Amino acid sequence: MPQLASTSLGVINVGLAQFAEAIAAAGGRVTQLDWSPPALGDRTLGMALARLTRHEKVEPANEKAFAAFLGVSPVLRGVGTAGETLANMGERMLLHAGPPVAWHDMCGPMRGAIVGAILYERWARDAKAAQKLAASGKIAFSPCHHHGAVGPMAGIISPSMPLWIVENSAGGARAYSNFNEGLGKALRFGAYGPQVLARLAWMQKSLAPALGKALAALGGIELKPLIAQALIMGDEVHNRNAAASSLLLRRLAPALARARLPAEKLAQVLDFVAGNEHFFLNISMAQAKLSLDAAHGVAGSSMVTAMSRNGVEFGIRVSGLGERWFTAPAGAIDGLYFAGYGPADAALDLGDSSITETAGFGGFSMAAAPAIVKFVGGTPEDATANSLRMRHITLGESNVFQLPALDFRGAPCGIDIRKVIDTGIEPVINTGIAHHDAGIGQIGAGLTHAPLACFTQALAALEIEVNA
Amino acid sequence: MAAASLKIVHNTYRDSVTLMQISAKIAALAGVQQASVVMATEGNLALLREAGLLDGEVAASPSDLLVVLRAENDAAAKAALEETERVLAGGNGGSPRSGPKEIAPRSLQMGLTAQPEANFALISTPGEYAAAEALKALRLGLHVMLFSDNVALEDEVLLKREAGARGLLLMGPDCGTAIVGGVPLGFANAVRRGPIGVIGASGTGLQQVTSLIDQAGLGVSHAFGTGGRDLKAEVGGATMLRALDELAADEATRVIVLVSKPPARAVADKVLARARASGKPVIACFLGADPAQVEGGGVLAAATLEDAAAMALAAARGESYAGSERRLPDYDVSRFAAQQRYVRGLYSGGTFCYEASLLLAQALEGVHSNTPVGKAVELDDVWRSQGHTLVDLGDDEFTRGRPHPMIDHRLRNERMLREAADAEVAVILLDVVLGYGAHPDPAAEMLPAIRAARDAAAGRDLAFVGFVCGTERDPQGLAHQVAALREAGVILAASNAQAARTAAAIANRHAAARQH
């Protein structure tokens with residue numbers, strides 16, 4: 001099978017650059033790599049990565065997982081209540097963002113949000129009693145992800161809270177998220193003052209039923225076309241949802257008007273939705289979760305199906321690695337702060353909202369939303385460069401979501417743990433910054449990265465899974 | 001007869017400007033009379049009805065995309081619909097690399113994205129990571145040259161098995177030199193192309209043979225390196241066998257040269273059988289091997305690298321090989337002091353040291369080396385010469401934490417001074433290696449050291465004997481290097497073998513003169 005002697009040589013040079021110069025000087029084609037040891041220099045893992053390259057089980061598994069991911073048609077179907085809607089939701093259970101975490105390990109905003117949720121559910125009379133109850137072991141804490149749900153920041157979901165229901169019109173599977181309360185003092189940032197609790201009560205009593213009625217009348221809203229349009233309009237549907245929220249309201253408003261609400265109640269609902277540019281975020285998250293769940297559980301697949309943070313740890317899940325989380329310490333966020341705050345006030349990376357990046361939005365679609373890079377003093381070129389970079393760690397491109405700045409190429413999606421480790425390119429995440437103390441709220445926004453250590457652990461597990 | 005077509009693409013959004021462009025593109029196709037691609041909103045449907053492109057109701061929602069066409073016939077309509085789908089799927093069809101800059105590729109896979117037609121990986125990372133990169137390259141379908149050393153033998157076996165299973169050539173590990181289709185890889189000389197294919201287990205061995213071929217006016221089709229352990233029993237000559245297949249099938253190759261230390265017996269049998277089966281003249285230079293074990297069936301044995309080149313040249317020219325010239329340069333040994341007896345060889349090329357040890361030990365008694373071979377004896381301390389000594393300064397014990405002596409001459413220059421100060425030393429024997437990767441001007445590095453050595457000899461005469469391995473087209477230029485070294489009084493032979501014989505002859509002549 002001789003083949004080298006008769007073909008024209010095209011060289012990839014890994015290592016000493018002077019060799020590439022000699023090849024080029026002799027008229028040869030050569031590509032010099034900007035190489036550094038993969039897998040954080042772990043030689044054993046580096047060999048595992050090599051053994052998993054073009055692997056006969058992993059490649060078809062990834063094709064299958066990626067096709068399932070692309071094949072989902074998420075529809076915003078309706079509104080439900082957590083206690084009634086979610087699988088395995090206990091009576092005295094609170095869901096939280098990120099991988100599992102015990103009460104005594106939780107960060108400030110998450111603890112505050114839990115106190116708020118206990119008060120909201122009337123399981124305790126005051127904050128002190130709520131803290132005691134939370135610490136007593138009588139409340140079960142469980143990640144949203146374990147229930148098909150996602151929540152931004154602290155991501156606290158309690159049994160009485162209303163939820164968005166997003167359904168795959170091509171198969172019936174569902175995913176859920178809570179409602180966005182708006183900026184400022186909000187439960188998801190750990191605030192639990194009377195104003196926060198009053199708003200949550202109004203959302204449960206008035207907002208959710210009204211939106212439920214409107215959606216029932218509409219028969220649901222197809223989300224892929226709406227998001228595709230929002231990307232063209234400058235959103236990346238994680239940290240910028242201005243267009244998507246407007247498009248959603250445009251669809252909802254006529255149906256709300258026909259829902260026979262008293263005029264003042266209707267006005268309150270419209271005011272609330274119109275006044276929150278992040279109203280769409282939770283829906284964006286739920287549809288991302290739905291699509292990624294479709295890709296989860298394919299034996300041998302190295303595709304990441306969840307990235308999430310609980311304020312202490314960053315965790316990922318991988319399609320072929322079951323329900324396991326692979327975690328590393330949560331990182332800090334590089335960003336801009338609101339007046340009066342700085343990095344010393346910031347909580348560590350927090351929330352399930354990085355599910356959007358996992359599905360190719362947020363940082364991966366930053367080219368669509370150049371406004372976002374201003375948080376780190378960047379230029380539109382930097383935004384585009386981020387999307388371009390993510391193409392090197394993903395399985396493919398979206399067939400629906402196009403990025404104008406990349407000449408309408410699809411958004412990069414389907415993170416492959418192997419590519420992350422081989423290139424050392426960490427997934428980029430656009431995110432809000434919470435104050436580290438409970439209840440102060442959002443103090444800024446910026447960029448962060450998924451830590452490589454999550455991916456190296458997952459790779460070691462995948463090697464055992466497919467080569468054992 | 002006109003054909004109307006309608007297609008609904010469910011749940012697909014494109015902005016109106018994009019859709020107008022697509023509509024215009026489709027309408028311009030041959031045989032298409034009218035085309036419209038729109039989102040199926042009520043407003044758009046009404047417009048289509050007004051334009052007469054749509055009758056009655058369509059089962060489409062505002063989030064669906066609608067393609068309506070009127071074409072001259074069904075075939076044109078079908079082609080137009082297919083084109084529409086292609087355009088919808090493929091962005092704008094513009095160059096994917098337009099716009100912002102891509103980052104430099106960091107992995108082999110990224111390298112393949114940047115150069116999709118690449119078929120070869122040259123790997124020179126630190127040894128501990130090299131096996132993984134090589135395995136990745138093989139799994140990505142690339143031939144590999146593994147320049148890196150310090151790769152475990154078991155990894156070499158595994159890599160060569162993988163390469164074999166995939167029909168790929170893996171050169172190395174510790175493969176310093178190769179030339180593939182005229183492209184120099186690693187430490188190679190700029191050699192013209194020609195009819196002689198070379199396969200070598202040693203980098204400097206390949207450099208010597210290919211340079212001598214070039215100096216004689218012919219050229220090289222390919223020079224493949226195997227790495228130093230390929231012909232061990234554990235590895236079984238996998239790379240040499242595979243490379244032999246390449247050269248056997250390669251039309252540009254008319255003569256084949258093999259260069260190696262003597263292989264394990266079973267491996268040698270396999271290699272020689274494959275060589276005979278190539279149907280081409282094969283010159284086997286297994287340094288130190290018994291020619292009787294090698295020759296037969298189209299295979300000729302060469303005792304030295306120089307002989308191998310000369311025999312290959314003769315075969316390529318259709319001449320019979322008459323033996324190499326042995327005209328050694330004269331040297332006036334009367335200038336030596338009586339106690340000056342010894343040859344001290346300071347080598348940057350491992351195979352040069354090996355070959356010289358074999359030759360010197362045939363001619364002189366008491367030859368020592370850090371890498372002893374044949375009748376040579378191991379040095380007690382590699383840092384101190386005793387009797388006749390040849391050291392390979394490229395060996396691990398000298399290169400740990402230091403650049404290779406072909407790149408950095410300091411270690412050899414220091415040693416040269418110490419040898420010169422030794423009153424028993426008569427001859428200092430040196431190799432000078434040119435080519436890509438080697439020092440840009442070795443003569444300039446060596447001349448001050450040679451002058452200082454003569455000073456250190458404190459009035460004693462010292463014979464500097466050497467040779468230059470290189471070609472005129474090398475970055476350093478053969479003629480320039482030769483002239484500079486001759487100018488400094490270095491006796492230059494045409495090859496490593498001749499340099500070693502010259503050194504031995506000088507030492508012997510002086511010994512004979514002393515006895516008279």
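Below, chains carry the letters A, B, ... as their sequence lines are ordered, and counting in each starts from 1. The shown structure was predicted, so the numbers you read here are calculated from the model rather than taken from an experiment.
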*Asks:* Indicate yes or no: at least one non-hydrogen side-chain atom of A/Val30 is less than 4.5 angstrom from one of B/Leu122.
*Replies:* no

*Asks:* Heavy-atom cut-off 4.5 Å, strictly under: side chain, backbone, both or neither for A/Glu397 against chain B?
*Replies:*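 Neither part.
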
*Asks:* Count the heavy-atom pairs under 4.5 Å between each of B/Ala104, B/Ala121, B/Gly186, B/Gly437 and chain A, then report the option with the highest count.
*Replies:*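 Answer, by heavy-atom pair count under 4.5 Å with chain A: B/Gly186.
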
*Asks:* Could you tell me which portion of A/Gln18 (side chain, backbone, both or neither) has an atom closer than 4.5 angstrom to a non-hydrogen atom of chain B?
*Replies:*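 Only the side chain of A/Gln18 comes within 4.5 Å of chain B.
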
*Asks:* Non-hydrogen atoms of chain B under 4.5 Å away: do they reach the side chain of A/Leu9, the backbone, both or neither?
*Replies:*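 Contact with chain B: backbone and side chain both.
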
*Asks:* Report which part of B/Leu112 has an atom under 4.5 Å of a heavy atom belonging to chain A: side chain, backbone, both, or neither.
*Replies:*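 Contact with chain A is through both the backbone and side chain of B/Leu112.
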
*Asks:* With side-chain contact (heavy atoms from CB on, under 4.5 Å) as the test, would you mind laying out the steps for B/Glu102 and A/Arg391 before giving the verdict?
*Replies:* CA-CA 10 Å; B/Glu102 283 274 4; A/Arg391 287 224 292 243; 3.7 Å; yes

*Asks:* Between B/Ile103 and chain A, which part of the residue has a heavy atom less than 4.5 Å away: side chain, backbone, both or neither?
*Replies:*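 Just the side chain, heavy atoms under 4.5 Å.
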
*Asks:* With a 4.5 angstrom heavy-atom cut-off, which part of A/Asp422 approaches chain B: side chain, backbone, both or neither?
*Replies:* both

*Asks:* Any side-chain heavy atom of A/Leu33 sitting closer than 4.5 Å to one from B/Met110?
*Replies:* no

*Asks:* Please classify the contact between B/Glu128 and chain A as side chain, backbone, both or neither, with a heavy-atom cut-off of under 4.5 Å.
*Replies:* both

*Asks:* Taking the side chain as C-beta and beyond, is there a heavy-atom pair between A/Arg29 and B/Glu117 under 4.5 Å?
*Replies:*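 Heavy-atom side-chain distance check passes, below 4.5 Å.
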
*Asks:* For A/Pro38, is it the side chain, the backbone, both, or neither that has a heavy atom closer than 4.5 Å to a heavy atom of chain B?
*Replies:*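 The side chain, not the backbone.
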
*Asks:* Using a strict 4.0 Å threshold on nitrogen-to-oxygen distance, state whether B/Asp155 and A/Arg43 make a salt bridge.
*Replies:* yes

*Asks:* Taking 4.5 Å as the heavy-atom cut-off, does anything in residues 172-183 of chain B contact chain A, and if so which residues?
*Replies:*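 Interface residues of residues 172-183 of chain B: B/Val180, B/Gly182, B/Val183.
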
